[in-house]
There are 2 protein chains.
Amino acid sequence: MSSRALPYRPHNHDACVSHALAEARAICQQQNARLTPTRERVLELIWQSHKPLGAYDVLAKLTSEGHNAAPPTVYRALDFLQQYGLVHRIASLNAFTGCTHAGKHHTGMFLICRACGNVLELMESSVTTAIENAASAEAFQPEAITLEVAGLCPGCQADQHHE
Amino acid sequence: MSSRALPYRPHNHDACVSHALAEARAICQQQNARLTPTRERVLELIWQSHKPLGAYDVLAKLTSEGHNAAPPTVYRALDFLQQYGLVHRIASLNAFTGCTHAGKHHTGMFLICRACGNVLELMESSVTTAIENAASAEAFQPEAITLEVAGLCPGCQADQHHE
DNA sequence: CAAGGTTTGCAACATTATAACATTTGCAGG
DNA sequence: CCTGCAAATGTTATAATGTTGCAAACCTTG
Ligand SMILES: [Zn+2]
Ligand SMILES: [Zn+2]
Ligand SMILES: [Zn+2]
Ligand SMILES: [Zn+2]
């Protein structure tokens with residue numbers, strides 16, 4: 001099955017990263033936001049794989065690179081990146097992952113593999129609609145949706161059988 | 001509109017509590033689980049309103065009652081209660097709320113009012129189905145769904161206009 | 001260059017959660 | 001009733017995650 005989504009199979013991940021960075025630069029330029037070196041580097045670190053990274057993981061990488069960083073350094077960069085829709089926070093993991101639909105208006109739905117840790121972000125309007133309908137039925141006005149599904153990705157389901 | 005869900009209107013909340021406690025006792029008895037005094041008290045504290053309570057809020061109440069409690073006391077009780085489906089953890093708030101569908105097999109969907117803090121737990125099979133379908137389309141095997149919707153409850157939408 | 005806003009450095013602190021080990025409690029079998 | 005085991009609790013310390021406040025550095029724009 002070669003139609004599996006990117007995180008679930010070997011792929012040229014450098015392409016993911018450079019695409020994400022290019023998009024980020026475009027989006028920030030368009031909105032007059034300053035993608036400073038620290039912010040860009042944090043984004044790049046977040047994108048180093050499809051596994052979400054904790055703020056303190058990012059911090060460790062920064063300091064190991066000689067960057068003089070403290071927790072606020074990282075959290076501020078992450079706040080900025082979230083604000084411009086370049087990264088998402090995964091509440092159930094206390095971790096951050098690069099947005100794969102940057103620029104497009106969307107509500108993220110995250111498939112989180114508990115075995116390999118990779119995350120796939122989906123943009124399913126049918127799901128969003130179902131959620132909004134359920135909220136409407138209670139006269140509730142939704143503003144932000146947190147939707148995170150933990151389970152096994154295709155690759156890790158296969159691995160289960162070999163054990 | 002008197003058909004609004006309980007958390008969103010004045011109601012006899014003592015009935016909510018005693019119902020929840022009765023259910024908890026029944027469920028634990030049925031499963032040979034020990035609803036010890038501490039566990040029961042924690043459940044009762046969680047149920048003191050429809051606003052989720054942080055673990056340290058619970059801890060503070062316990063100690064203020066003279067109970068000799070430390071963080072593990074509370075987390076252990078909460079783990080137990082979660083295990084038997086009596087409370088849910090709200091990941092986006094790092095807080096806990098009583099389950100309003102205890103006993104029934106369900107995936108909770110939480111409507112969280114950012115103004116008043118009340119939470120309504122829904123059980124919407126249409127939403128669950130849409131999520132599972134989206135996961136299936138990526139050959140992902142879901143195990144646990146975190147679905148939390150932040151926004152404004154009916155009451156607080158009305159309050160907005162008065163400001 | 002001078003003023004004013006934005007970004008960063010830095011130190012301290014706050015909040016949430018877990019680890020490790022000793023002690024007590026409830027209960028089943030002798 | 002005892003005895004011994006497993007489950008539950010007490011206790012202390014520590015880990016992990018996130019925030020506040022203030023001063024210095026840095027753009028940008030007139
Ligand atoms: Zn990739
Ligand atoms: Zn996997
Ligand atoms: Zn109630
Ligand atoms: Zn409200």
Side-chain angles (χ1 to χ4, degrees), chain A residues 24-25 28-29 31-46 51-84 86-97 112 117 146 148, chain B residues 24-25 28-29 31-46 51-84 86-97 112 117 146 148:
Chain A
R25 288 189 200 104
C28 287
Q29 185 157 37
Q31 313 214 13
N32 276 320
R34 293 173 52 200
L35 188 61
T36 61
T38 302
R39 290 166 175 174
E40 185 168 327
R41 185 64 188 134
V42 168
L43 180 60
E44 202 174 352
L45 287 171
I46 290 288
K51 305 184 209 294
L53 225 50
Y56 279 75
D57 296 332
V58 175
L59 178 58
K61 305 227 179 213
L62 281 180
T63 53
S64 83
E65 287 171 358
H67 188 301
N68 202 345
T73 312
V74 175
Y75 282 101
R76 288 195 282 229
L78 289 170
D79 284 349
F80 172 89
L81 295 170
Q82 279 186 271
Q83 200 173 332
Y84 288 91
L86 302 173
V87 308
H88 293 288
R89 189 180 127 94
I90 308 293
S92 58
L93 298 178
N94 294 335
F96 300 82
T97 194
I112 307 165
T146 299
E148 301 168 11
Chain B
R25 287 188 200 105
C28 288
Q29 185 156 38
Q31 311 212 15
N32 276 318
R34 290 173 54 203
L35 189 62
T36 61
T38 303
R39 290 168 175 172
E40 185 167 328
R41 184 64 187 134
V42 168
L43 180 59
E44 202 174 352
L45 287 171
I46 291 289
K51 306 184 207 294
L53 224 51
Y56 280 75
D57 296 332
V58 175
L59 178 58
K61 305 229 178 209
L62 281 180
T63 53
S64 83
E65 288 173 356
H67 188 301
N68 198 347
T73 311
V74 174
Y75 282 101
R76 287 197 281 231
L78 289 170
D79 284 349
F80 172 88
L81 295 170
Q82 278 186 270
Q83 201 172 333
Y84 287 92
L86 303 173
V87 308
H88 294 286
R89 189 182 125 89
I90 307 293
S92 59
L93 298 178
N94 294 333
F96 300 81
T97 193
I112 306 165
T146 299
E148 300 167 11

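In this text the structure is predicted, and so the values were computed from the model without any measurement. Here is how names work: the chains are called A, B, and so on, in the same order as the sequence lines, proteins then strands, and each is numbered from 1.
At least one side-chain heavy atom of B:Leu81 sits under 4.5 Å from a side-chain heavy atom of B:Val42. Side-chain contact between A:Phe96 and A:Gln82 is present, with at least one heavy-atom pair separated by less than 4.5 Å.
Here the nucleotide nearest the side chain of A:Arg89, chosen from C:dT8, D:dG18, C:dA17, is D:dG18. Taking every side-chain heavy atom of A:Thr36 into account, C:dT8 is the closest of C:dT8, D:dT9, D:dG18. The B:Tyr56 side chain lies nearest to C:dT16 when the options are C:dT16, C:dG26, C:dA19. The side chain of B:Thr73 lies closest to D:dG10 when the candidates are D:dG10, C:dA19, D:dT20. Comparing C:dT8, C:dC10, D:dT11 against the side chain of A:Pro72 picks out C:dC10 as the nearest. Checking C:dC10, C:dA17, C:dG26 against the side-chain heavy atoms of B:Arg34 singles out C:dG26 as nearest. With C:dT18, C:dT8, D:dT19 as the candidates, the nucleotide lying closest to the side chain of A:Pro71 is D:dT19.
Between the CD atom of A:Glu40 and the P atom of C:dT7 there is a distance of 15 Å, given to the nearest Å. The CG atom of A:Asp79 sits 12 Å away from the P atom of C:dT8 (whole-angstrom rounding). Look at CG on A:Leu59: it is 13 Å from P on D:dA16, rounded to the nearest Å. Between the CG atom of B:Leu35 and the C1' atom of C:dG26 there is a distance of 15 Å, rounded to whole Å. As a whole-Å value, the separation of B:Leu78 CG from D:dA8 C1' is 15 Å. Look at CG on B:Asn32: it is 11 Å from P on D:dA8, rounded to the nearest Å. When the C1' atom of C:dT6 is taken as reference, atom OH of A:Tyr84 falls 11 Å away, rounded to whole Å. Atom CG in B:Leu62 sits about 12 Å away from atom P in D:dT9, given to the nearest Å.
A close approach under 4.0 Å does occur between a side-chain nitrogen or oxygen of A:Asn94 and OP1 or OP2 of D:dG18. The shortest distance between the side-chain N/O atoms of A:Tyr75 and the OP1/OP2 oxygens of D:dG18 is below 4.0 Å. OP1 or OP2 of D:dT11 has at least one side-chain nitrogen or oxygen of B:Asn68 nearer than 4.0 Å. Phosphate contact (OP1/OP2 of C:dA17, side-chain N/O of B:Arg76, threshold under 4.0 Å): absent.
Side-chain N or O atoms of B:Asp79 include none that pairs as donor or acceptor with a backbone N or O of B:Arg76 at under 3.5 Å. The backbone N or O of A:Ala91 lies less than 3.5 Å from a partner atom in the side chain of A:Glu148, making a donor-acceptor pair.
Screening A:Leu45, A:Val74, A:Ile46 for a side-chain contact (heavy atoms from CB on, under 4.5 Å) with A:Lys61, the sole residue that qualifies is A:Leu45.
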